J.: 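Take a look at this one; I'll ask things after.
First listed ligand is number 1; within each ligand, the first listed atom is number 1. Quick note: residue numbers are just sequence positions, from 1. What you see is a predicted model; the values in this text were computed from it and never measured.
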Amino acid sequence: MLNPAVPGFHPDPSVCRVGDDYWLACSTFEYFPGLPIFHSTDAEHWEPVGHVVTRPGQLAIEHVPTGGGAWAPTIRYHDGLFYVTVADAMGRGGLIFTATDPRGPWSDGTVMVGADGIDHDIAWDADGTCYVTYSGLILTGDEVSKHLGIQQVRMDPETGRALSDPISLWSGTGKMFPEAPHLYEVDGTWYLMIAEGGTERGHSVSIARGPSPEGPFEGHPANPIHTHRSTDHPVQNSGHADLVATDDDWVMVSLGTRPRGATRAFAPMGRETYQTRVRWVDGWPVVEPFALTEGLPTVTVHTDLAGPLGPEWLTVRDADRTWLRHEDGAMVLTADPQAPPVAMDAPRPRFVGRRQQHERARISAVLEPGRGTGGLSVRYDEDHHYDVERAGDVILARVRLDQVEHLWSAPAPAGPVELWIDAVPTEGGFSSEGMSCDIVRLGFTTGNDDEVEVAAMDGRYLTSDTCASFTGRVWGPYAASGEVAFRSIDYRGNDER
Ligand code: 6LW
């Protein structure tokens, strides 16, 4: 099967089928728009078709900490309505969104009461009773990070109110962080599939079965049904899975990372969506290992900034984007006068970015002269980003790693300037560079098409293994002061190994 199925940071995938259409949703944390929806007619090739969260107020991400916000949706269909359940972590809490068309618009989101946790699954039995099964991780208060295992309530999906007290269900084989529960009824038997081991290198998928949606569940004697831990598989951290039946067999979607370097320690793009086939043997699913697809073509995307940006362009904790406009064929970003001295240190920077989706990637943007300062950034979060910026008559390259800021500079050419950021995978080997995933080059192109590299920085410090597990690199233009006009943006990526 094509892998990655959805490259770039698209973790915690959930999938459902309605007729001949398959729909997939992923986490987006502090980014907006939130919870992308993908469509497929073959459960292998996925096309972005919209987002659940497209309006202020659907999530409360404006002030969530890094990695807070939209965690782990479940997408399901019941009685003519699509449902997406999700935890707005450190925001509104557990939510139920509904839509008649998964392309949108989706509802404002109903807060769940009585189902405190994350990774809410939603399922119905033949009588129409609704069950919300979730991971009982406590996110706030004195017991923050305490884990109550896999829990379940009966739920009124219209009001969001639990109709029963939480019951504890089978919670795996004893690995840490039992989460990502999903319920399935297959030929009269109920299956409870979960992730356990944590979303890093110990991640795995386990399953149990029982006579009812409330159990009791008996664990598969051959758990985990899927893991890549301790293997040399190029995709690691795989887990947090969902299952869907196709005409011929079943498909499992799962998150995974592509760590690189001599010891495969660093994954620049964070957790992506992968997929593989599943067949049922003796009443248990057998999951085929997934393989990376070789020889995919280079992807080039030219974004004309005269008109509105596509849905792949994200802002950070910011749903209104009043500071972004299109004028005279350019995109104009207005800086925040209240911003910190380093614009990309802001929790809500005047930045709009797209995911890095390839191991070798380059982004470039033509910056018009005058009016203000700004540039291009590759961001993991407000404490970890690399920027290339035009500031008056100099081009700055900046590395921000927590309290450390380092700058390089070069004279800026007159007139419009093309800024670029280039992620170049290392060749491996046991040199310092070879131990890393890639080198991130920051520079500009002169009017004579000469490339000037202002700085080259080790990319290991912008990965899900060093910054934080949940998101991935997002690259794009930002404004630091005044107004900054960008004429065009180009992205080029490939996965040559
Ligand atoms: C997600 C949970 C997890 O809700 O992290 O580590 C959370 N695993 O399943 C965000 O991805």
J.: Name all pairs fulfilling the ring-ring contact (aromatic ring centres under 6.0 Å, His included) condition that reach into residues 193-217, sequence neighbours left out, sorted by first residue then second.
T.: none
J.: For the 3.5 Å polar cut-off, considering only N or O atoms, please tell me whether D12 and ligand 1 meet it.
T.: yes
J.: May I ask you to identify the nearest protein heavy atom to atom 7 (C) of ligand 1, giving residue, atom name and distance to one decimal place in Å?
T.: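 That would be W71 CE3, 3.7 Å.
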J.: Using a 4.0 Å heavy-atom cut-off, say whether F177 meets ligand 1 through its side chain, its backbone, both or neither.
T.: neither
J.: Which of the atoms in ligand 1, numbered in the order shown and given with their element, are less than 4.0 Å from a heavy-atom of R271?
T.: 10 (C), 11 (O)
J.: Is there a ring pair (Phe, Tyr, Trp, His ring centres under 6.0 Å) between W46 and H39 once you walk through the steps?
T.: CA-CA 5 Å; W46 298 95; H39 174 245; 8.0 Å; no
J.: If you measure from CE on M269 to OG1 on T463, what distance do you get to the nearest 0.5 Å?
T.: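 Between atom CE of M269 and atom OG1 of T463 there are 11.0 Å.
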J.: Tell me which protein heavy atom sits closest to atom 4 (O) of ligand 1, plus the residue, atom name and distance to 0.1 Å.
T.: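 Of the protein heavy atoms, D119 OD1, 2.4 Å lies nearest.
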J.: Looking only at protein heavy atoms, identify the closest one to atom 3 (C) of ligand 1 and say how far it is in Å.
T.: E179 OE2, 3.6 Å
J.: I need the atoms of ligand 1 closer than 4.0 Å to a non-hydrogen atom of T199, numbered in the order shown.
T.: 6 (O), 8 (N)
J.: State the atoms of ligand 1, each with its element, that fall below the 4.0 Å cut-off from a heavy-atom position in F29.
T.: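 Those qualifying, in numeric order: 10 (C), 11 (O).
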J.: Students should be able to answer this: which protein heavy-atom is nearest to atom 5 (O) of ligand 1, and at what distance?
T.: F470 CE2, 3.4 Å
J.: Is the cationic atom of R355 (NZ for Lys, CZ for Arg) positioned less than 6.0 Å from the six-membered ring centroid of F9 and within 45 degrees of its normal?
T.: yes
J.: Using the rule salt bridge (Lys or Arg N to Asp or Glu O under 4.0 Å), only one of R473, R360, R260, R460 pairs with D438; which is it?
T.: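 Of R473, R360, R260, R460, salt bridge (Lys or Arg N to Asp or Glu O under 4.0 Å) with D438 is met by R473 alone.
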J.: What residues form a side chain to side chain donor-acceptor pair (under 3.5 Å) with R379, not counting sequence neighbours?
T.: Y31, E382
J.: Quick one: CE on M457 to CG on L462, what's the gap to the nearest 0.5 Å?
T.: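 Between atom CE of M457 and atom CG of L462 there are 8.0 Å.
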